[in-house]
**Q** 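Dropping the structure in here first, questions after.
Below, read A as the first sequence line, B as the second, and so on, with proteins coming before strands; counting in each chain starts at 1.
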2 protein chains.
Amino acid sequence: MANMASGNTVAEVAHLIGDAARANMLAALMGGQALTAGELARHAGVTPQTTSGHLIKLTEARLLAVERQGRHRYYRLASPEVAQAIHALSVLAVAGPKRHHPIGPKDAALRLARTCYDHIAGRLALALADSLVREGHVILSDGAGLVTDCGRRFLTDFGINTEALHARRPLCRTCLDWSERRPHIAGQLGAALLGNALEQGWLMRTPESRALRITRSGEIGFATTFRLPLNWREQPGR
Amino acid sequence: MANMASGNTVAEVAHLIGDAARANMLAALMGGQALTAGELARHAGVTPQTTSGHLIKLTEARLLAVERQGRHRYYRLASPEVAQAIHALSVLAVAGPKRHHPIGPKDAALRLARTCYDHIAGRLALALADSLVREGHVILSDGAGLVTDCGRRFLTDFGINTEALHARRPLCRTCLDWSERRPHIAGQLGAALLGNALEQGWLMRTPESRALRITRSGEIGFATTFRLPLNWREQPGR
DNA sequence: CGGACATTTCGGTATCTGCCGAAACATGGT
DNA sequence: ACCATGTTTCGGCAGATACCGAAATGTCCG
């Protein structure tokens, strides 16, 4: 069958995501970093040959983008829209009647702070969102969010150019947290917050995980800049 | 295989949507109305037996909800989250490089006004969104939206109880329009707008289509209440 | 009860495609 | 040049499942 380089249907896109191996790869890429074909193979639990086939399909369908670097090939989600679609599906996946996560003994770090495609998730993200709302910098009405003038000044001081963000993406979106069940800040603002925190050395990515490590300066920086309550780590959410 | 009544995975959910017949059924249900198994069979282009199997799977996975009524079974999307997921996928589906819709000679009506799950889409929806923004009733920052105090009063006068809306769903979300490429108002506010318009007899559903018919009183009502510009029908968007 | 209609169950077929082993290709280091 | 590593291509197999025809079940109507 002739391969039309463009135009997928909903069914075709869903069919691509609807395979365990491919879904695992996409989930791994939800961490926001580009991964090599080999790493993705390990995440998916299949051999490199099999992985290669999957990656070709995903790339041709424009769900992934590739970048060659020496003998490696780095794959990443092709666009924020892809991340959004996967997120929307994962909401349905968890939605089954009762399935409160079987505790994460080893994902304590993940619960504290992790990446969610391009922004921060976990309790840190909730604390930041609470702070921004409490201080009147951002107004959240569930799935929607808005940066106030006061918030714009605050973020500018923090080092985020709110003027430059007005591209196609929502300035401020919320994203349901996986561990806790409250929304945190996603969208362009969420991406900018993560970017700045990494740049300032407040957060560091961890190699083989989506977990984020909070540095010593980050401890202080977050607490003072965002006036976090002392107990923000324990707060189980609600 | 043991049927776990709960807990799907992302891959399982996507796999269900990733079949042409099932995707067609879901797309048909994006109109917001409940449809019978037979109607869905026609939409999907397969026989009733085949359809039955699909519907059982979709229902067990909690993507659809059923309601028996005599010898009919009415199926509808189980939750707004399902609609959101399908919408997110359809964004990716169209995203292929170039695929501007091959004109719709017969979907002129669809372009003008149609349902999108539970809210209004089409040029009417764009005109309404423009109006709400222009009058300062709603502030949109791309994917996010917010109802102002002034807007709250306006909507209350219109017959929408904005206090009662504060459930789990976003009060105001935007949704990328399929024909035109601009966001319109979805979420609870979008649903309330559609509901009120139907109740007041400003809009009427059409039997076998997602198109909405604008009644005579609707012509006048929309134009005066929302101060629509005279040419809102022609505006091709951008 | 019997006939029309909506929906489901059962059984069998055909197709699709995910998987791996083996081997080729590509790149970088020594 | 050689080898190690990362990735792709090829070929064949096996499991999953979408499809339909035939027939059963359920529901309304007269």
Side-chain angles (χ1 to χ4, degrees), chain A residues 1-3 8-29 33-61 63-76 207-208, chain B residues 1-4 8-29 33-61 63-76 208:
Chain A
M1 59 187 65
N3 173 14
N8 304 319
T9 66
V10 172
E12 284 163 355
V13 174
H15 185 76
L16 282 175
I17 305 177
D19 170 82
R22 285 192 294 258
N24 285 335
M25 299 180 200
L26 292 168
L29 291 170
Q33 295 179 94
L35 299 176
T36 66
E39 289 171 318
L40 289 171
R42 245 171 298 125
H43 276 283
V46 292
T47 60
Q49 315 98 314
T50 304
T51 303
S52 177
H54 288 315
L55 291 175
I56 290 172
K57 286 174 186 164
L58 290 171
T59 306
E60 277 181 350
L63 293 184
L64 297 185
V66 209
E67 208 166 333
R68 317 182 52 145
Q69 209 166 111
R71 50 185 166 182
H72 293 280
R73 281 191 180 181
Y74 283 92
Y75 289 87
R76 57 180 174 81
E208 286 277 316
Chain B
M1 59 190 67
N3 173 16
M4 41 175 68
N8 304 319
T9 67
V10 172
E12 285 163 354
V13 174
H15 184 77
L16 282 174
I17 305 177
D19 170 83
R22 285 191 295 259
N24 284 335
M25 298 179 202
L26 291 168
L29 290 170
Q33 295 178 94
L35 299 176
T36 67
E39 288 171 319
L40 289 170
R42 247 172 295 124
H43 276 285
V46 292
T47 61
Q49 315 98 315
T50 304
T51 303
S52 177
H54 288 315
L55 291 174
I56 289 171
K57 287 174 187 164
L58 290 171
T59 306
E60 277 181 351
L63 292 184
L64 297 186
V66 210
E67 210 166 331
R68 316 181 53 144
Q69 208 167 111
R71 51 185 166 182
H72 294 280
R73 280 187 185 185
Y74 282 92
Y75 289 87
R76 58 180 173 78
E208 287 277 315

**Q** C:dT17, OP1 or OP2 - any side-chain N/O from A:H54 closer than 4.0 Å?
**A**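 No.
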**Q** Could I get the full list of side chain to side chain donor-acceptor pair (under 3.5 Å) partners for A:T59, not counting sequence neighbours?
**A**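 With sequence neighbours excluded, A:T59 shows a side chain to side chain donor-acceptor pair (under 3.5 Å) to no residue whatsoever.
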**Q** Encode nucleotides 2-8 of chain D as B, S and - characters from 5' to 3', where the letter depends on protein heavy atoms closer than 4.0 Å: B to the base, S only to sugar-phosphate, - to neither.
**A** --BBSSB
**Q** Among the nucleotides C:dC19, C:dG18, D:dG21, which one has an atom lying closest to any side-chain atom of B:T47?
**A** D:dG21
**Q** Please list, in numerical order, the residues of residues 17-27 of chain B that have a heavy atom closer than 4.0 Å to any atom of DNA chain D.
**A**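 DNA chain D contact set from residues 17-27 of chain B: B:D19, B:A21, B:R22.
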**Q** Can you name the side-chain contact (heavy atoms from CB on, under 4.5 Å) partners of B:A28, sequence neighbours left out?
**A**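 If we apply the side-chain contact (heavy atoms from CB on, under 4.5 Å) test to B:A28, skipping adjacent residues, the hits are B:L35, B:L40, B:H43.
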**Q** Would A:T36 and A:R73 satisfy side-chain contact (heavy atoms from CB on, under 4.5 Å), going step by step from the backbone distance to the final call?
**A** CA-CA 5 Å; A:T36 66; A:R73 281 191 180 181; over 6 Å; no
**Q** Find the distance between CE (A:M25) and CD (A:E39) and round it off to the nearest 0.5 Å.
**A** 12.5 Å
**Q** Rounded to the nearest 0.5 Å, what's the gap from CG on A:L16 to NE2 on B:H15? Could you check?
**A**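 So the gap between those two atoms works out to 12.5 Å.
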**Q** With sequence neighbours left out, write down each residue that passes side-chain contact (heavy atoms from CB on, under 4.5 Å) with A:A37, or none if nothing qualifies.
**A**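 With sequence neighbours excluded, A:A37 shows a side-chain contact (heavy atoms from CB on, under 4.5 Å) to A:L55, A:Y75, given in chain and number order.
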**Q** Bend angle of the helix from C:dC1-D:dG30 to C:dT30-D:dA1 from five-pair axes at both ends, rounded to 10°?
**A** 30°
**Q** With A:A34, which residues qualify under side-chain contact (heavy atoms from CB on, under 4.5 Å), at least two apart?
**A** A:Y74, A:R76
**Q** Output yes when at least one side-chain N/O atom of A:H15 is less than 4.0 Å from OP1 or OP2 of C:dC16, else no.
**A**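 The answer is no; no side-chain N or O of A:H15 sits under 4.0 Å from OP1 or OP2.
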**Q** Under the criterion side chain to side chain contact (heavy atoms under 4.5 Å, CB included), which of A:D19, A:L26, A:L64 is the partner of A:H54?
**A** A:D19
**Q** Only counting residues at least two apart or in another chain, list the ones meeting side chain to side chain donor-acceptor pair (under 3.5 Å) with A:Q49.
**A** A:T47
**Q** Determine: side-chain N/O of B:K57 to OP1/OP2 of D:dT17, distance under 4.0 Å, yes or no.
**A**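 For D:dT17, OP1/OP2 do not have a side-chain N/O of B:K57 under 4.0 Å.
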**Q** To the nearest 0.5 Å, what is the distance between CD1 on A:I17 and CG on A:L63?
**A**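 So the CD1 of A:I17 and the CG of A:L63 are separated by 5.5 Å.
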**Q** Mind calculating the distance between CG (B:L35) and P (C:dT7) to the nearest angstrom?
**A**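 Distance check: B:L35 CG to C:dT7 P gives 11 Å.
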**Q** Can you list everything that forms a side-chain contact (heavy atoms from CB on, under 4.5 Å) with B:R71? Sequence neighbours excluded, please.
**A**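 By the side-chain contact (heavy atoms from CB on, under 4.5 Å) rule, B:R71 matches no residue at all.
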